[in-house]
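First the proteins, then the strands, lettered A, B, ... as listed; each starts at 1.
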2 protein chains.
Amino acid sequence: MQYSNDEITRGVLAEKSGVNIETIRYYEKIALMPNPLRSDGGHRIYNKVHLKRLQFIRRCRELGFTLQDIRELLNIVDDKTYTCDDVKNRTIAHLNDIKQKIRDLKKIEKTLKNFVSECDGGLKPECPIIDTLFA
Amino acid sequence: MQYSNDEITRGVLAEKSGVNIETIRYYEKIALMPNPLRSDGGHRIYNKVHLKRLQFIRRCRELGFTLQDIRELLNIVDDKTYTCDDVKNRTIAHLNDIKQKIRDLKKIEKTLKNFVSECDGGLKPECPIIDTLFA
DNA sequence: CTTGATCCTGTAGTAACTACAGGTTTTAAC
DNA sequence: GTTAAAACCTGTAGTTACTACAGGATCAAG
């Protein structure tokens, strides 16, 4: 069995997409990726459509979308029932989540900075950080 | 069986500490919390020392420390082998993680904002966000 | 002494992967 | 044509930090 010009193995798909080879199988299991064709011996055969879809998923993940978000996006794209309005609103909702996370982390950052500034870095078993957290 | 002045049940400990009642059992299982005394009938009996420890854990979690970080902190505190220097360094290391996370999220925020600004919010199945992610 | 609240245990589910074992197929070299 | 290594196959288990449930026991109040 030979893979023709457009056809690639899972390993090659992993390389080209930047997605872990095991993760590809995982996405298939949870039906984010379709069941691919198989060789006579049972090896998966992928093509450019799979690659595009997997890259889409990877980019969405890098932007912090959950797999559920991505599933919904892919569904409306597959259906062609999506609108720019819908996608925009989903993106805004996600952006708001991200903003909230940044706010939360900044609060933590501030607290940690205060903690660090109160430590003399001495070598005795006494520390204002521990004292505060145990108060 | 009666719980005396200092002694409290798991439910009360959960309330006072702000930690979920099931989570308390989880922390015991993974040995972050010690095995408490038991009543004749097998119910857990906690006291103020448990409460302090659990609050310490909760505060650390709220600051984004992992359970492994907290385990190490508790170990050196229990041992009395901790120093201000050590705690300070751990805190700085964690602070750096937090800073990195903020940077990562800000990058995402920027990308998402760009995406949103490019959408006209129309009702047709065409959207620059989808186009970009699928490119 | 009954009843309802709380507790007990073990186990399973969540998100999003990642890694492994033990076996088969494919490919390249000879 | 054979062999050996690389890549693939499957199912399953592990990761983090919980949370929730079922089915039963205990506890406190009336």
Rounding to an integer number of Å, can you tell me how far [X] [atom1] sits from [N] [atom2]?
| X | N | atom1 | atom2 | result |
| --- | --- | --- | --- | --- |
| B/I24 | C/dT6 | CD1 | P | 14 Å |
| A/R71 | C/dT14 | CZ | C1' | 14 Å |
| A/I30 | C/dT14 | CD1 | C1' | 13 Å |

Legend entry - Reference residue B/I92; test side-chain contact (heavy atoms from CB on, under 4.5 Å); the match among B/H94, B/K88, B/R90: B/K88

Side-chain donor-acceptor pairs under 3.5 Å in residues 57-69 of chain A, sequence neighbours left out?
residue, atom, partner, partner atom, Å
A/R58, NE, A/S17, O, 2.6
A/R58, NH1, A/E62, OE1, 3.3
A/R58, NH1, A/E62, OE2, 2.7
A/R59, NH1, B/L133, O, 2.9
A/R59, NH1, B/A135, O, 3.0
A/R61, NH1, A/F65, O, 2.7
A/T66, OG1, A/Q68, N, 3.4
A/T66, OG1, A/D69, N, 3.0
A/T66, OG1, A/D69, OD1, 3.4
A/T66, OG1, A/D69, OD2, 3.2
A/Q68, NE2, A/E72, OE2, 3.0
A/D69, OD2, A/T66, N, 3.1

Inset, instruction - Determine, for nucleotides 7-18 of chain D in 5'-to-3' order, which nucleotides have protein heavy atoms under 4.0 Å from the base (write B), from only the sugar-phosphate (write S), or from neither (write -). - result: -SSBBB----BB

Legend entry - Side-chain N,O (B/S39) to OP1/OP2 (D/dC27) below 4.0 Å: yes

Got a sec, which residues hit salt bridge (charged side-chain N to carboxylate O under 4.0 Å, His left out) with [X], two or more places apart in sequence or on another chain?
| X | answer |
| --- | --- |
| B/D85 | none |
| B/R25 | B/E22 |
| B/E28 | B/R38, B/R44 |

Inset, instruction - Could you pull out all residues at least two apart from B/R103 that satisfy side chain to side chain contact (heavy atoms under 4.5 Å, CB included)? - result: B/K99, B/Q100

